[in-house]
Structures are given as structure tokens and as C-alpha cells.
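Structure first, commentary second.
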Amino acid sequence: MGRSDLERLSREELIELVLRLQRPDKTSRTSSKPPATDRKERREQSKPGGAKPGHEGHSRVMSDDPDVVVDHRPDRCACCGGALHGDLPAELVSVSERIELPEVTPVVTQHRRLAVQCPTCGVRVVAPVPEAARGTPFGPRLHAVATYLKTFQALSYERLQAALSDLFGLTLSQGGLMNLLRRAQGRFRPGREEAVSTLRRAAVIASDETGVRIEGSNAYHWVFHAADAVVHTASPTRGAIVIREMMDGHRPAVWISDRYTAQQGHAAAHQTCLAHLARDVAYVVEVSDDPVPWRLQLWLQTVFGLAERVTDLAASTLAAKRRTLDRQLGAILATSSRCDLTRDLQAKIGRARDQLLVFLAHPGAVEPTNNGSERLLRPAVVQRKVTNGYRAMWAAEGEAAIRTVVDTARLAGHSPFGTILKTVGA
């Protein structure tokens with residue numbers, strides 16, 4: 001905006017422009033921006049880390065099945081110097097442990113084909129090619145380790161190559177690693193199809209997406225999850241077609257997501273993420289002295305407090321509280337305000353009003369926020385920041401399949417590496 005444009009503005013418009021310029025930037029507390037984008041001075045003013053007051057301390061649990069037990073007995077009395085024989089009864093005073101990792105070296109098995117000349121007819125007989133000598137020379141555990149480090153520790157090919165060399169003395173080319181990982185990823189396709197089939201029968205589904213670079217272009221990493229299935233998928237688009245293709249006609253009872261249009265209208269009811277709204281409200285409370293945002297913040301605090309004990313209340317009680325909360329929200333939204341941020345906030349919440357308290361009709365089955373989806377996406381975000389995306393679509397789709405199988409297995413308490421090893425070795 002140039003000088004001539006400013007001169008044409010009215011007094012009220014100039015005041016509004018100055019106020020707008022004085023508004024503080026949004027942070028992770030007042031928007032969906034990640035904490036890493038917060039300004040340094042805000043981080044310096046933040047609360048110190050570590051355990052909070054009242055937090056119960058924890059110590060490392062001793063092993064129930066140690067490999068070696070060494071008893072240390074006194075051999076002489078510290079008072080009189082008398083000998084303390086080994087057959088004297090002893091009591092346990094304390095236990096300490098020393099833990100060490102064994103040196104890990106590759107186990108190389110050479111399969112040699114031999115030829116023998118038949119003493120009867122003189123024919124040279126060659127041993128058949130053993131099954132172990134067919135295909136890749138690398139075993140299932142090596143495939144699993146490389147897959148785990150690449151996918152869940154976000155190592156680039158160069159760093160993965162160095163890690164295998166430094167830790168295990170293995171020398172693999174980056175091309176060899178790529179082929180190894182591609183073979184491993186193929187093992188996860190059946191598990192992914194099973195998870196998708198389970199998802200398409202779920203009554204409650206949550207979804208979210210985050211940007212990622214694939215083949216040098218902007219693309220998206222999606223996640224869908226239900227009570228017993230998690231599905232990751234890579235797509236070049238953020239549109240609703242991704243959801244329609246994933247659901248294949250299935251329409252659950254409730255869908256949980258943010259207010260993004262592409263994620264609306266895929267279920268009988270929709271629960272909007274209240275955490276997103278809470279951050280929007282916090283920003284307006286911070287930059288405005290209007291009482292309406294403050295009232296909205298108190299209203300959301302009441303809702304979050306009710307969500308913590310939603311499974312302890314009767315259905316009739318929840319229905320009554322829902323009516324009360326909806327009535328209170330209606331009064332807040334109907335309050336007039338001269339603040340443009342407040343009016344925008346009222347309009348935003350008003351459009352999603354019937355999606356804010358759906359979780360009260362499904363106690364324990366529907367969450368009031370979409371934080372579960374964001375937690376499932378976080379490893380993919382870390383991978384994007386570390387490696388800057390994928391060079392090929394097959395790599396993005398392969399990692400999505402791995403995350404699908406591993407995150408679904410996690411719901412049943414299985415570890416990531418154990419799931420990868422079991423899948424690759426199947």
C-alpha cells in the first residue's frame with residue numbers, strides 16, 4: 001500500500017489499519033503453527049521444562065531375568081576382623097545393574113555349490129541352487145533394521161549407509177539400500193489392505209493431513225484412524241476425493257477432523273476439533289479487550305472439563321448439559337461486538353455450532369479434539385523436516401504402508417521393530 005492509498009483512507013480505516021499492524025504474530029499457543037516457529041523471546045519466557053510440582057517420580061525398573069547375577073559378600077568383619085564364611089546366612093541390602101550391548105557383527109553364511117563326478121558313469125553332477133542363494137543376499141533382520149531406521153528414525157540414505165557401516169560393519173551402496181527398502185515395503189501391502197478393510201467398517205473415524213514433497217512437487221500425507229485401525233496414505237492432492245476413495249462408499253456414524261472443507265460431509269455427524277477452536281479463541285483473547293472471546297474461552301474450558309468425565313455421567317445428564325452448553329453458546333454468539341476479530345470468530349464458531357458437542361452423544365467413543373490424528377502425523381512431519389520429502393512416489397506410498405501396519409499393530413500393544421521384523425520375515 002503506497003502513500004496515495006493511505007491518503008484516501010478515512011480516519012476509521014486508518015485506526016483499524018494501525019490496530020491490525022499492532023496485533024502480535026500468531027504462535028503455537030494461539031494457532032496451529034508448530035512450536036518450532038515461535039519467536040525466541042517467547043520461548044525464553046516460557047515455563048521451565050522438567051517435572052512439574054506434584055509429579056510422582058519414577059525410577060528404572062530392575063530386570064526380572066538378568067543374564068548374570070553376581071553376589072558381593074563381605075569376607076571379614078569390619079568391627080573385629082573375624083572371618084565371615086560363605087555358609088553364613090545373608091540378607092539382601094541393595095541391587096544395582098550394569099547394562100551393556102554386545103558387539104554386533106554380521107553373520108555371513110556362504111553357500112557353495114559343489115560338483116562331483118559319478119564313479120559309475122563318469123557324469124559330472126552339480127548341486128542344485130539352494131533356496132538361500134536365490135534373490136537378495138540380505139536376510140529378514142537386516143531388512144527390518146534398515147526399514148526401521150529409514151522410516152521411524154528418519155535417516156537419509158547417506159546417514160543410513162553410515163549407520164550400518166559404523167554400527168555393524170556392513171558396506172552397502174545407496175542403490176543397494178534403495179532396492180533393499182523397496183523389497184521390504186512390498187511385504188506391508190497385505191497388512192495395509194487389511195487395515196483399510198477394517199477402517200471401512202468403523203463407526204467413528206478421524207482424519208488429518210500434512211504437506212510433504214514428493215518427486216519435487218507439493219503433495220500430502222494423510223492419516224485415517226479408528227478404534228482398531230490406522231491407515232496412512234500419500235496423495236498429490238488435499239481434496240475430498242482422497243477421503244471418498246479411501247472410504248469406498250462407507251459412511252461412518254461420526255467423523256472427527258478440523259474445519260477444512262474437504263474433510264466435511266463424510267459421516268452422519270461431524271465432531272469439529274475443539275483444540276483448533278481453543279487456539280483461535282486464545283489469539284483473540286490475547287490481542288483484544290473484547291469480553292466475548294473471554295466468554296468463549298470459559299465456555300470451552302467447561303466443555304473440556306466435561307469431556308474428562310464424560311464416561312462417568314448418565315446419558316440423561318449428558319443430554320441436559322449439552323442443552324445448557326448449547327444455550328450458553330447461542331447467547332455468546334448473539335452478543336454484538338465492534339471487534340472484527342470477535343465477529344470473525346463468532347461467524348466461524350457459528351458455522352460449526354452443530355459439530356462442537358457431538359462427542360457428548362457418544363461418550364468414550366468420540367473425542368472432542370483431533371489430537372489423535374495429529375500425534376499419528378507427527379513422525380511423518382519429522383521425516384519431512386529431516387529428509388525434505390521423497391524422491392519417488394513409490395517411496396512415499398511404501399512408507400505409508402509401513403506406518404499403516406506398524407501404527408495398527410501398536411493399538412494392540414506391539415512394538416514397531418517387532419512388527420517390522422515379523423512382517424518382513426513372513
Side-chain angles (χ1 to χ4, degrees), residues 28 35-36 38 40-109 138-156 158-172 308-309 312 371-372 375-376 378-379 382-383 385-386 406-407 409-425:
S28 61
D38 289 351
K40 183 179 179 180
E41 55 266 26
R42 182 171 294 279
R43 294 199 298 270
E44 291 174 346
Q45 296 170 4
S46 62
K47 296 180 180 179
K52 302 300 183 287
H55 175 73
E56 183 179 353
H58 298 280
S59 58
R60 189 176 57 80
V61 179
M62 294 292 176
S63 174
D64 294 328
D65 186 25
D67 298 289
V68 179
V69 175
V70 180
D71 290 330
H72 299 271
R73 299 174 59 100
D75 55 2
R76 289 199 172 275
C77 177
C79 179
C80 66
L84 302 175
H85 302 292
D87 56 352
L88 292 173
E91 61 173 315
L92 182 64
V93 177
S94 66
V95 177
S96 60
E97 290 184 343
R98 179 179 177 82
I99 302 173
E100 181 59 285
L101 289 175
E103 181 183 0
V104 180
T105 58
V107 177
V108 181
T109 303
F138 306 120
R141 183 171 289 274
L142 177 54
H143 278 77
V145 168
T147 300
Y148 173 79
L149 293 176
K150 182 72 173 69
T151 305
F152 291 94
Q153 299 304 324
L155 297 188
S156 64
E158 183 178 0
R159 293 174 62 203
L160 176 59
Q161 186 182 33
L164 294 176
S165 175
D166 294 342
L167 295 177
F168 310 124
L170 284 169
T171 302
L172 282 80
E308 293 178 356
R309 52 194 181 94
D312 299 330
N371 291 344
R375 285 193 296 269
L376 289 167
R378 192 166 295 132
V382 173
Q383 194 276 349
K385 291 181 178 294
V386 173
V406 169
D407 284 346
R410 272 176 168 165
L411 298 177
H414 301 295
S415 69
F417 181 74
T419 300
I420 293 173
L421 181 59
K422 179 180 178 181
T423 304
V424 171

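No experiment lies behind these values; they were computed from the predicted model shown.
- Residues satisfying the side chain to side chain contact (heavy atoms under 4.5 Å, CB included) test with Q383, not counting sequence neighbours, are K150, A154, T387, Y390, E399, R403.
- Sorted by first and then second residue, the side chain to side chain donor-acceptor pair (under 3.5 Å) pairs with a member in residues 66-80 form an empty list; sequence neighbours excluded.
- With sequence neighbours excluded, no residue forms a side chain to side chain contact (heavy atoms under 4.5 Å, CB included) with S165.
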Hey, mind stepping through L142 and F168 against side chain to side chain contact (heavy atoms under 4.5 Å, CB included) and telling me if it holds? CA-CA 10 Å; L142 177 54; F168 310 124; 5.8 Å; no
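- A side chain to side chain donor-acceptor pair (under 3.5 Å) check over residues 87-98, counting only residues at least two apart or in different chains, returns the pairs R60-E97.
- The structure places CG of L376 at 11.0 Å from CG of N371, a figure rounded to the nearest 0.5 Å.
- A distance of 13.0 Å separates OH of Y148 from CG of L160, quoted to the nearest 0.5 Å.
- Rounding to the nearest 0.5 Å gives a distance of 8.0 Å between CG of L149 and CG of L167.
- Annotation for G425 and P140: closest pair CA-CB, 3.9 Å, computed over non-hydrogen atoms.
- The two residues V95 and M62 come nearest to each other via the heavy atoms O-CE, 3.3 Å.
- Annotation for P66 and S63: closest pair N-OG, 3.6 Å, computed over non-hydrogen atoms.
- For L172, the side chain to side chain contact (heavy atoms under 4.5 Å, CB included) partners at least two apart in sequence or on another chain are F138, L170, L177, L180.
- For the pair T147 and F152, the minimum side-chain heavy-atom distance is 4.5 Å or more.
- Atoms OG1 and CD, from T171 and Q161 in turn, are 8.5 Å apart once rounded to the nearest 0.5 Å.
- Taking R378 as the reference, R375 meet the side chain to side chain contact (heavy atoms under 4.5 Å, CB included) condition, with sequence neighbours excluded.
- Remark: R410 CZ is packed, more than 12 non-hydrogen atoms of other residues, nucleotides or ligands lying under 6.0 Å away.
- Contact between T419 and A409 at its shortest, heavy atoms only, is OG1-CB, 3.4 Å.
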